[in-house]
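The structure appears right after this line, and notes come after that.
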Amino acid sequence: MMITTSSKLLYGLGAGSLAAGFVWFVANEGQQLGSVMFAFLAVAFIFLGAIASYTRDGHVLSTDTAAHASSAASQKSVGRSLWPFGTAVSAGVTVVGLISSPGIFKVGVALLIAMLGEWMISNWAERASSSNEYNTKVRDYLVHPLELPVAGALLLAVIVLSFSRVFLALSKSVGAIVFAGMGALILFFGALIAVKRQANRRVVGAILGVLLLALAGTGVATALDGEREQLTEAAEEDHFAHRGCTEEKEYSDKKASRAVSMKSSILANVILTEDGQLYAEATGYPGQQSAITIQRSNPSTILFVNESSEARRMVLSYGKVVEDLGDGVERESALEACTSKVEKGGQQAVTVVVPKPSSASDEPFTITVPGVEGAKIDVFVP
Amino acid sequence: MLTLPPAPQPAPKRQVFVGTALVSAAATMLVGGMLAIWSQFRADAPFRESPRRGPIKDWMPKDIVVPEVAANMMLIAFFVVCVMAQWAVWSAKRNDRQHAGMALGMTLLMGLATLNAQLFIWSQMGVDVRGGAFNSMFYAITGVMTFLVIAGLVYTAVATFRYLGRGNSDVPTLSAHALYWYFLTAAFSAVWFVVYVQK
Amino acid sequence: MKNPRRRFLSLAGAAAGLVAVAGCAKDAPQDTWQPAGPNAEMIDNLQRPVFLVAGIVGVIVFAAVAWVVFRYRDRGQAIPEQTHGKPAVEITLTVIPVLILIGVAIPTASTIFDLAKTDDTQMVINVTGQQWWWEYDYPAIGDNAAKYGLSQPIVTSGQLVIPENTKVLLRVTSRDVIHSYWIPKLNGKKDGVPGRVHLLRLEGSKPGIYAGQCTEFCGLSHSYMRMETIVLKRADFDAWVANQLAPYEAPAEGTLAKEGEALYIQQCSRCHQVNGLADAEGNLIVSAPEQYVVSGAAPNLTNLMTRNTFAGASWDLLTQECRDVVWKASADEFGAKYLAGVSADCLNQKDLREWLRNAPEKKPMYVDPTKLQETGGKYRGMPALGLTEDQIDALVAYLLERK
Amino acid sequence: MAIIERPSTEIAVAGGATVGVKPSEALGVFKRPGASNSWRDWIVTVDHKKLGIMYGVAAFVFFIIGGIEALLIRLQLMGPDGKVLSADQYNQMFTMHATTMVFLFVMPMVSAFANYFIPLQIGARDVAFPRINAFGFWCWLFGGIFLNTSWFLGGAADGGWFMYAPNSSTLFSPSHGIDFWVLGLQITGIASLTGAINLIVTVLNMRAPGMKLMRMPIFTWMALVVQFLLLFAMPVITVALFLLSFQREFDATFFDVAAGADPLLWQHLFWIFGHPEVYILILPSFGIVSEVIPVFSKKPLFGYPIVAMSGAAIGFVGWGVWAHHMFASGLGPVSVAVFSMATMAIAVPTGVKIVNWIMTMWGGKLQFTTAMLFAIGLVVQFTIGGLSGVTHSVAPSDTQQTDTYYIVAHFHYVLFGGAIFGLFAGFYYWWPKMFRKQLNEGLGKVNFWLMVVGMNMTFGPMHILGLQGQPRRMGVWTEARAGEGFFNIGFWNMIASIGSFILAVGVLMFIINIVYTHKSKRVPIAPLDPWDARSLEWMTSSPPAEHNFDAIPTVNHLDEFFHRKYAEDPNSHEIKQVASAEEVLADLNSRPDEHIHMPSRSYWPILVALALPIICYGLIYNRLLMAVGAAFLLLTMFGWAMEPSTASDDDFDPPAPGEGGGHTKELAPLG
């Protein structure tokens, strides 16, 4: 019976968790924490339910000695098989292909089919009769004509390809080191085999297999030496070269985007409308505001929303700072915080700590948008 | 062949198997909790319109480059580990000691490969943990994953030692061990998708 | 065997009694059952029936237990029938609480949404918590400026002053850890969370002084983080605003207060702003608490003596008698009494002087310079300034003029 | 004939042959310790009963520590402007009081009962993983000791047991207290997790024949639900603690507002764990009471399946209500409304339980033993706590009550009047089973009444204090805000403080009772079945032998033991006793099982557990020490994995023939 008492309960709880996650998601306007948590709770429950089904609540009676006799451990030995291993490798190749190139993917799929076929035939053959020898014969008769040539060709191809790839990718000095390393490895295993003569040939085979796999893996890895397209943009943008708060510059600096700001912590939204109006929306104030209050010394996040057609940025000016450069020389610089330029519909937040009250400054604190006349919000810092 | 008349063994009750399943369930919550926090952080990050690629979440600092190849290789390695672990079970059930031992060795090796890939990713990214929410979260989530993988490796080592030291009868431990690696693969697939693909 | 029953009955009685008499407390400044404004009344109208229902259910349960304990005690009766349950009874006894709870849930939901309404706001005040006091600032925008004469922003602390029958919306936030703003007689509490702004409606329907305390654990001196809300009639409120916006008056030359001003500039103005205070060259002095205090702010002392508490409303600036005059004033007289502020006669010299002498001893704060590694040398409260008694005299004289 | 034997099989070598190996030659670098009667036996034991007793004793010691902390708090608050503790000490005191009571008393005391009685109640010889069980105990004990060493190393944690960010960051709590707290809880968390896994597997896999899930005693049921709650809740707090320690040790920015984080994240995580935790604390006591009431009512539990399922329902719904701890923290009105409704929903299954207990007593034949009194005490006091819970499921009302003493009153009625009264019911009920002697009933009743009076005097007035607006976690209150008349805060604080000392005397009576019972020669050995009990744990000797049952019974009924003693007269429908407990046991033991496998003692659990605090001290003070601890951990884990299954002096039956003259060895089962 698949559906045991506890698996029933566990499946039920899994379904309940899903429902709870849904309710949470709806009730909290799409807040993710609770919903993801519930989703995983559901996964865990359903997983345990499946295990409970599988083990029939683990309820094998302690007096059931027949279970011992029929347990797998006491079954007699049958032939060995490398097919699971082969399946693993081909699965690996398939996934590599999926990510990198269709060619490798196709090879992987072919391998996978071949290996699974072999595994299944072996499995079938083992049950063909009670005689192991007969079973092996049946299997070989079925499969050998197919598998030997294919396997040989494939092995050769993989080795050649991988080596060439590794060579191509390595610089000269590194190449030398790699080869020294490989030499040492081969020497080591050779010595090992020599010392321990009875070492099982299959173990040796396995070690070589692993080396082969490693080689193939490295080859694939170097062949795929590239990045996903989306990521290259950040590098291309080179923010430092463009930083600044003026209209011409595009980015503020690296920091601006690094300080990830939570939407839930937004002090005010500053919105630039299509017709060049700038207004603020802040929690607790009704409607559109032309002035906002920023708490002194408090990290405050202001979100800029650009609805105009141009790429724009928001600049918050909050006074000046005078640096003493020594020898009575002073440098005055404006205190500013700005977002990067964003396209229409884009948003960008800036987190700022204003240390001085606005009353301490001769010039009023403002939020402006460079290049848009009259777009100004007064900022008051108590 | 037996040297003594064996006392009847306790019937196979799959304690280790069920226990491992429960560990996996608990660890699912661990990884799930981390991913929940991750998605919460990410969902709360403001986005901006990129001129070329549509909306971009300003969640991941732009100077961070994720070594995707290594991450993908890591995922592949996880899948391979699974098959290896299952192979060990398969062989052990058939009293095939050599293959089972080999499969366990391979499991360990590929498990180490995943660990190696993780170390590689860390060193390549060179993320400063103090740099911000993404950085902290990245280390937290990959750190938890690594911890679970190390636990898996310890499990494999234990299973190997026990297998080598014992007769052929440790199939329950081996299948439980395989279950744990299945769980790790599933968990890493989730982490891989959320952290390395979606970012 | 009698004892359990008696106990249950007395407990049941106590529960019912609690519900009945909870509203009768006298002079309990933080009583949650004495609403003094519509928001608190909304809560009160909800909680009274809920407590009553809970009390009745409790009495029924206790009575049932008492009856069972009395009736079925072992009197040598035969072993009862081994019944495992009666579905009809169980379903009935499950459905009844469900119905009761539905009855409670509906008004609960509607009250939740009523209390969250913000579209009828008449005045907005920013409330910022920090270790361990509250800062209030009245932004000079919108209705505040247009209808309430707040031509300039006002910054004050400890006591929040609001006009009578005005729908005030507090924007509660924090500079360091989580605090919670709670004036029980005016509304429930709302946490001030750093980086977030939470909204709390406040409306007082009767002039008076309403006490509250920070209710989210906020560190060492959590117990000393108190606050009050003052409800004034509209005319009194206007007078209060005018006084707050009045320009700075320097003490007369040659007085003790003038000495105090110099001392203040030297010792206090680093952190505590007094609006309009200028140094000898006539430059306005701007305090820089962000350099000395973790939270980056210290109370603005421009009009200290218009408030009647200090140090996070932990101590009164008024002596006991003068305090009673204000606290126990009738609604009509309250405004005048409050606006009188603190006079020299009424000043609570003892506590204020102790505070100036050694603040951290009076109110625990992290100001030990040897243990400030984590904070980069910044204090989390007011340090001991090492003032002499003469200096304290001068400072008190100066502060007495900050009205 | 030796009944117990340790598992053994042959070692296979290449070629499929097997050979016998002498114990000294077995893989076995590491020998297992043999049996002894000294204290050492307790260190190396893997017996679930001994571990249960050790859990109980250690937890009780922590109960006393937590109680002293509570008394200091009450002393401080007895009068205005208390001077007993400094503000800093007060903050540490209430933080550690809660932490100790939750993590170091109630949870492990539940583990004590669960460890001791779950295998007995389901007719098993042992738990599924005996060594992991021992590891869990040592892990918890060392974690608890580690946590409490912070008192002597610069001060304990001072952030409250809820440890809200950002107050818990190094900026606001520079001492190492919170580091100790975080790491200590991680260690005890490991113990909870291993314990949970162990007990779930035990219940799922080791039940006696015929012991279907719906025939399990309710205590086992509730404990099972609790283990599932632990299984899913502990990882969440682990995540939260992990983030916090990451922040404190490595300057990560999860809760740093300036870096864009949201401090409410911690609150969500903490309460996602924290609310199920409440049910982790209370459900086992529900289970105990559901055992005690039927026994002393001479009736089966009314509506058994409903009680079992309502326990599961409480456990599950408990997951969906965490935000009711956050009604004042600025969630939107929609979430507040949803959580408010969900919280009310929990009242239904809880109410069902109370109804079922009363209905169980209804029509019964009630005997007011101390255990029964404590059980009835739970029913009444939990009802008060439950009803006050309903009052603040009403969110607007809760914004007036949360973080005031009203909440303190509520959860103490639930956790002291509920959970702890349930545990005391368990002490009195199961004492003769565990220790062969019955606790004195007279002293027990004194104990009960002192605790009832003390408990209601301490926590009853807190309802008033809270409604009068006295906030929690305040080291001092001031006369100026105390109010006047009947509801004067000072008066009720005084009453509460006096009550707390009465309560302390009540607990002291329990200790006196124990000492009297076991020291006095006049107290006789308890009969086999002193309460005329119903479930399997009574169907064996007192205390049970190491292997629990000579013969595993086959279960045909819920309340199997009762049904073996009593039968219904088919004509008169009267319940008649057909066999005494001794006769039932003798009948069962007349066909003892042969070849009972019991695990041997082991050194490794305590050693592996010892490595964890070393690592944690290293993390706080010195990274080198951490490496040493990690190395120690690896070594001991290796030892664990490679341990042979038996000690050299264990019995085997039949004696092993064959080469080498000894029996063969194998590795111990993994757990």
Side-chain angles (χ1 to χ4, degrees), chain B residues 1-10 13-23 25-34 36-37 40-41 44-45 95 97-98 129-133 135-137 139-140 143-144 147 154-155 157-159 161-162 164-170 172-173 176, chain D residues 5 7-12 14 16-20 27 128-129 132 193 196-198 200-201 204-206 231-232 234-236 238-240 242-243 246-247 250-254 259-262 265 269 272 595 597 637-638 641-642 652-654 656-659 663-664 666-667 669-671:
Chain B
M1 296 291 272
L2 298 179
T3 51
L4 79 161
Q9 286 245 331
K13 286 188 164 188
R14 304 179 196 271
Q15 279 98 327
V16 182
F17 187 76
V18 177
T20 306
L22 292 169
V23 171
T28 302
M29 287 307 287
L30 193 66
V31 175
M34 280 293 176
I37 299 168
Q40 182 65 55
F41 269 73
D44 283 343
N95 280 352
R97 281 183 58 73
Q98 275 148 355
V129 70
R130 281 158 293 193
N135 308 24
S136 295
M137 252 349 276
Y139 275 110
V144 163
F147 169 75
V154 171
Y155 204 159
V158 168
F161 283 132
R162 292 174 64 83
L164 292 175
R166 199 181 196 189
N168 290 331
S169 54
D170 209 12
T173 305
Chain D
E5 60 189 51
S8 86
T9 51
E10 66 286 354
I11 276 186
T18 53
V19 293
L27 277 158
F129 308 112
I132 286 179
L193 264 182
I197 289 162
N198 197 357
I200 293 174
V201 178
L204 284 183
N205 284 22
M206 316 259 298
L231 188 72
F232 293 128
M234 291 320 284
V236 180
T238 304
V239 167
F242 181 73
L243 299 189
F246 225 67
Q247 168 136 351
F250 303 112
D251 296 337
T253 58
F254 301 108
D262 183 355
L265 173 66
L269 286 176
I272 288 176
H595 311 304
H597 296 273
M637 281 170 73
F638 178 73
M642 298 306 289
F652 282 88
D653 182 56
E659 291 175 67
H663 35 267
T664 55
E666 68 161 14
L667 292 175
L670 198 56

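Residue numbers begin at 1 in each chain, while the letters A, B, ... track the order of the sequences. What's counted below: heavy atoms across the whole structure, side chains too, no hydrogens, waters or symmetry copies.
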Top residue by heavy-atom pair count (under 4.5 Å) with chain D, among Ile37(B), Val31(B), Val144(B)? Ile37(B)
For Leu269(D), which atoms come within 4.5 Å of any heavy atom of chain B: side chain, backbone, both, or neither? side chain
Top residue by heavy-atom pair count (under 4.5 Å) with chain D, among Thr28(B), Val23(B), Val154(B)? Val23(B)
Can you tell me which portion of Phe17(B) sits under 4.5 Å from chain D's heavy atoms? Options are side chain, backbone, both or neither. neither
Using non-hydrogen atoms only, which part of Met234(D) is less than 4.5 Å away from chain B: side chain, backbone, both, or neither? neither
Nearest 0.5 Å, please: how far is CG in Asn198(D) from CD1 in Ile132(D)? 6.5 Å
Minimum heavy-atom distance between Phe242(D) and Ala140(B), given as atom pair plus value: CE2-O, 3.5 Å
What part of Leu193(D) gets within 4.5 angstrom of chain B, counting heavy atoms only: side chain, backbone, both, or neither? side chain
Looking at CD of Gln15(B) and CG of Leu204(D), how far apart are the two atoms once the value is rounded to the nearest 0.5 Å? 10.5 Å
CD1 of Ile197(D) to CZ of Phe129(D): how many Å apart, nearest 0.5 Å? 8.5 Å
Leu231(D) versus chain B, the contacting section by heavy-atom distance below 4.5 Å: both
Where Met29(B) and Pro235(D) come nearest, the two heavy atoms and their spacing: CB-CB, 3.7 Å
Using the ring of each side chain (for Trp, its six-membered ring), is Phe246(D) parallel, tilted or perpendicular to Phe254(D), with breaks at 30° and 60°? tilted
Side chain, backbone, both or neither of Val239(D) within contact of chain B (heavy atoms, under 4.5 Å): both
